[in-house]
A.B. asks: 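Can you read through this structure? Questions will come right after.
Owing to the predicted nature of the structure, the values given are computational and were not obtained by experimental measurement. Just so we're on the same page: letters track the sequence lines, and every chain starts at 1.
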There are 2 protein chains.
Amino acid sequence: MPEEKLRRQQSGRANASPTLEDVAQRAGVSTATVSRCLNAPERVSEATRKQVLEAVNLLGYAPNFGARALAAKRTDTFGAIIPTMENAIFARGLQAFQEELEQNGITLLVSSSSYSPQLEEKQIRALIARGADALLLIGHDRTPQSYALLESKGIPHVIAWSIDHSIPRTSIGFDNRKAMRMLAEEILKLGHRELAVISAPQDGNDRARERCQGVIDALIQYDLNPADLPIIETPYSISNGADAFQTLFQSRNRPTAVLCGNDVLAAGALSRARELGLRVPEDISITGFDDIEIAQIVSPGLTTVHVPHRKMGMHAARLLVAMRNGEYGETPAESLELPATITWRDSLGPVALRETKDLPQDR
Amino acid sequence: MPEEKLRRQQSGRANASPTLEDVAQRAGVSTATVSRCLNAPERVSEATRKQVLEAVNLLGYAPNFGARALAAKRTDTFGAIIPTMENAIFARGLQAFQEELEQNGITLLVSSSSYSPQLEEKQIRALIARGADALLLIGHDRTPQSYALLESKGIPHVIAWSIDHSIPRTSIGFDNRKAMRMLAEEILKLGHRELAVISAPQDGNDRARERCQGVIDALIQYDLNPADLPIIETPYSISNGADAFQTLFQSRNRPTAVLCGNDVLAAGALSRARELGLRVPEDISITGFDDIEIAQIVSPGLTTVHVPHRKMGMHAARLLVAMRNGEYGETPAESLELPATITWRDSLGPVALRETKDLPQDR
DNA sequence: TGAAATAATGTAAGCGCTTACATTTACGGC
DNA sequence: GCCGTAAATGTAAGCGCTTACATTATTTCA
């Protein structure tokens, strides 16, 4: 036994964590036996196991994760990098993801990138360094280095909240563009012709981009000019949604329907609309995207695109576990598209036959 | 050089991560130099440093965290265990916490305990095993084993979102009881005498318990019988808040004011009230707690207790960093109490002079 | 110019664990 | 009782990194 270690044990520093060796000594067995006892109990006799467990409890032993990972070359840890924890967009999906992982004895490490590809790259690096066996990522926009990193380390990963069949990369989610187009068509069907959108910054956010593209698709289908579509980009937050709404409302071409890139923005828009004395949907229609909890508590309830959060999370977890276990060999697993549907509430109505001057003016 | 390693390098498995040694070899220096280059650049000459960095980039080297932690005995990683990520209660505080840590080059690991002390104990163990240098915990209720663990490993930790001067343990937060009492007094001052509360389950949640106690305190001050106070316990969620509200509303002693244990519950109560055809606050008053974003977007806006989320997070981080750096020696750092205030919006009003039969009945 | 001081680098011993392989023990069957 | 087999346990070699200590190169100054 090394001297330093010996000294430590003699002086009995209570503070330092006991090691496998301490346990072994206490139980009167070798470290190998203790290790087996913890990782493959069936390979150890009843009697010894009892002894070892006793020693473990007595000493309050907890294995050192780093050492274990180092030796075993696998951590049973997955990582997830989401753009933000601030609002609930990803919370439910992540929860499902984590529950499914837990079933498989896997721990989840979460970090958030604040919608910045650079930051995300850093996080990927950090998670890999920490030994993440596999990664959950949101959307397709990231630095080439990020992909290179993933590739070169051979880290299984799936991309959620977005899907792109043209890319040979397993993703699991829904078609943002199609979903938003569907909603936009409903709006057009209700007679609206003056649309506007409040979106998250499109740069580095393929979901936002796709959603905008979706309304453009619908516009084109109705022979309207996409160039006329006002799009305000602003980070997801209630107050930003409110401000953007006001800008739109005060502009020359006041829209009759405002499509928001997500429910948080829409909630902001809605409350500002109310503050401005507007009735929704009689005076103006507002829609969201995501169908998170706040969509149903604002009033009027938000008509929005329902995203299969939990399903995405669960499937992503299963896929990732399978990939980690090598069930797909070298070929990437197939992507999985889940349907997004419209949840009808009350914030969207038919366009009003009205004189613009009936509306409250703000000058 | 060990054989296995040699073989690997010869066969050139591109997949495995390059190690310090690979970099060293490539740069033609020793591993020690590479290590220093990364951890204490000033101790290496300009020229070598350049060479090494080049090799690092070329190889896409990223240090193995576990190995580093094992050798250096510190991880620059803090952990935080919050009860839930599902709603936004802890999001803002956590964000501030994390921002402050980042300033100090510390990475944050987050996990959630679902309000279960048992689960929390597991998480503490996991975080410690992962080498967390320090921990942020919420509230005082946890298993004795959890505390024992923290104690025996000598892990610096602070408790946030709650404060208890009677316990020799550093906490940083506000006085839940006092805050709720303050709110309840305002309600009583407005003439309400029939109060009710919708709380989170009090077991294992000292914040919930303290808040309930706070309204009891106020009741006593007004010579009212606390035994008459209906308290419904239900997990934080909008729909639970709604259901609880309905139960209360349908009970014999219909309250004139409902105090909710947090804003999420209150938002649910509010929306159900509206569904039941009640006007808030004319027919019934509803209050929240936390002052998270949804408090201002529901209508009417929620009168609620404003909790200094960001301040708590930031101070907790600073304190923890100081503790980790040994600035407090053996004595625990002092607790810090921050003030909680009332944010007045529109969901609380004076008690109505009214006949009960004027209200919509639900039978 | 040379010795002492200083800066730069190298050597190698661990950190706490897992696991291939070696060794010991237990158990039947004849 | 002896031997073969299987089960239980032990031995020890790393995993990739940091760092105390040793060594070598460079600088400084009398």
A.B. asks: Does A/Val44 or B/Tyr61 map to a spot on DNA chain D nearer the 5' end, using the closest nucleotide for each?
C.D. replies: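 The residue whose closest nucleotide sits nearer the 5' end is A/Val44.
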
A.B. asks: Is it the case that over 12 heavy atoms from other parts of the model lie below 6.0 angstrom from the CD atom of B/Glu99?
C.D. replies: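 Yes, CD of B/Glu99 has more than 12 neighbouring heavy atoms, counting only those of other groups under 6.0 Å.
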
A.B. asks: For B/Ala67 and for B/Glu46, find the nucleotide of DNA chain C with the closest heavy atom, then tell me which residue's nucleotide is more 5'.
C.D. replies: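 Looking at the nearest nucleotide for each, B/Glu46 comes out on the 5' side.
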
A.B. asks: Between C/dC17 atom P and A/Gln25 atom CD, what is the distance in whole Å?
C.D. replies: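 Nearest whole value for this atom pair: 14 Å.
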
A.B. asks: How sharply is the helix from C/dT1-D/dA30 to C/dC30-D/dG1 bent, taking the axes over five pairs at either end and rounding to 10 degrees?
C.D. replies: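 For the helix from C/dT1-D/dA30 to C/dC30-D/dG1, the axes at opposite ends meet at about 40°.
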
A.B. asks: Do we get B/Arg169 above B/Tyr147's six-membered ring, with its NZ or CZ under 6.0 Å from the centre and within 45° of the axis?
C.D. replies: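 Yes, B/Arg169 lies over the aromatic ring of B/Tyr147.
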
A.B. asks: Could you give the CG-to-C1' distance, from B/Leu20 to C/dG10, as a whole number of Å?
C.D. replies: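 About 14 Å, once rounded to whole Å.
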
A.B. asks: Measure from the side chain of A/Arg68, starting at C-beta and using heavy atoms only, and say which of D/dT18, C/dT11, C/dC17 lies closest.
C.D. replies: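 Comparing D/dT18, C/dT11, C/dC17 against the side chain of A/Arg68, the answer is C/dC17.
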
A.B. asks: Can you list, by residue number, the residues of residues 49-58 of chain B that have a non-hydrogen atom closer than 4.0 angstrom to DNA chain C?
C.D. replies: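 Residues of residues 49-58 of chain B under 4.0 Å from DNA chain C: none.
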
A.B. asks: Which one, C/dA8, D/dT9, C/dC15, comes nearest to the side chain of B/Ser45?
C.D. replies: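 Of all the options, the side chain of B/Ser45 is nearest to C/dA8.
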
A.B. asks: Hey, what are the protein-to-nucleotides 19-27 of chain D N/O distances that come in under 3.5 Å?
C.D. replies:
none

A.B. asks: Would you say B/Glu327 has more than 12 foreign heavy atoms packed within less than 6.0 Å of its CD?
C.D. replies: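 Counting other residues, nucleotides and ligands, CD of B/Glu327 exceeds 12 neighbours.
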
A.B. asks: Would you say B/Thr19 reaches D/dG16's phosphate, i.e. side-chain N/O to OP1/OP2 under 4.0 Å?
C.D. replies: no

A.B. asks: Tell me, yes or no, whether the heavy-atom count around A/Asn325 atom CG, taken from other residues, nucleotides or ligands under 6.0 Å, exceeds 12.
C.D. replies: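 Yes, because the 6.0 Å sphere around CG of A/Asn325 holds more than 12 heavy atoms from other groups.
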
A.B. asks: Is there a side-chain contact between A/Phe97 and A/Met314, using heavy atoms and a 4.5 Å cut-off?
C.D. replies: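 No, their side chains stay 4.5 Å or more apart.
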
A.B. asks: Could you tell me how far apart B/Leu59 (CG) and D/dG16 (P) are, to the nearest whole angstrom?
C.D. replies: 14 Å

A.B. asks: Would you kindly give the CG-to-C1' distance between B/Asn64 and D/dT18, to the nearest whole Å?
C.D. replies: 13 Å

A.B. asks: Within 45 degrees of the axis of the six-membered ring of B/Tyr61 and under 6.0 Å from its centre: does B/Arg26 put its NZ or CZ there?
C.D. replies: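 No, B/Arg26 does not lie over the aromatic ring of B/Tyr61.
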
A.B. asks: Could you check how far CG of B/Leu70 sits from P of D/dT18, rounded to whole Å?
C.D. replies: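 About 11 Å, once rounded to whole Å.
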
A.B. asks: Looking at B/Arg318 and B/Glu100, is there a salt bridge between them, counting it only when a charged N and a carboxylate O are closer than 4.0 Å?
C.D. replies: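 So B/Glu100 pairs with B/Arg318 through a salt bridge.
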
A.B. asks: Tell me, do B/Leu135 and B/Ile124 make a side-chain contact under 4.5 Å, heavy atoms counted?
C.D. replies: yes

A.B. asks: Rounded off to whole Å, could you give me the CD-to-P distance for the B/Glu21 and D/dT18 pair?
C.D. replies: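 Roughly 14 Å, once rounded to whole Å.
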
A.B. asks: Using a strict cut-off of less than 4.0 Å between a Lys/Arg side-chain nitrogen and an Asp/Glu carboxylate oxygen, indicate whether B/Arg125 and B/Glu121 qualify as a salt bridge.
C.D. replies: yes

A.B. asks: B/Leu38 CG to D/dG16 C1': how many Å, rounded?
C.D. replies: 13 Å

A.B. asks: Taking the side chain from B/Asp76 and the backbone from B/Ile106, do they hold a donor-acceptor pair closer than 3.5 Å?
C.D. replies: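 Between the backbone of B/Ile106 and the side chain of B/Asp76 there is no qualifying donor-acceptor contact (under 3.5 Å).
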
A.B. asks: Starting at CD of B/Gln98, measure out to CG of B/Leu101 and round the result to the nearest 0.5 Å.
C.D. replies: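 Between atom CD of B/Gln98 and atom CG of B/Leu101 there are 7.0 Å.
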
A.B. asks: Does B/Asp133 pair with B/Arg74 as a salt bridge, N-O distance under 4.0 Å?
C.D. replies: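 No, this pair does not count.
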
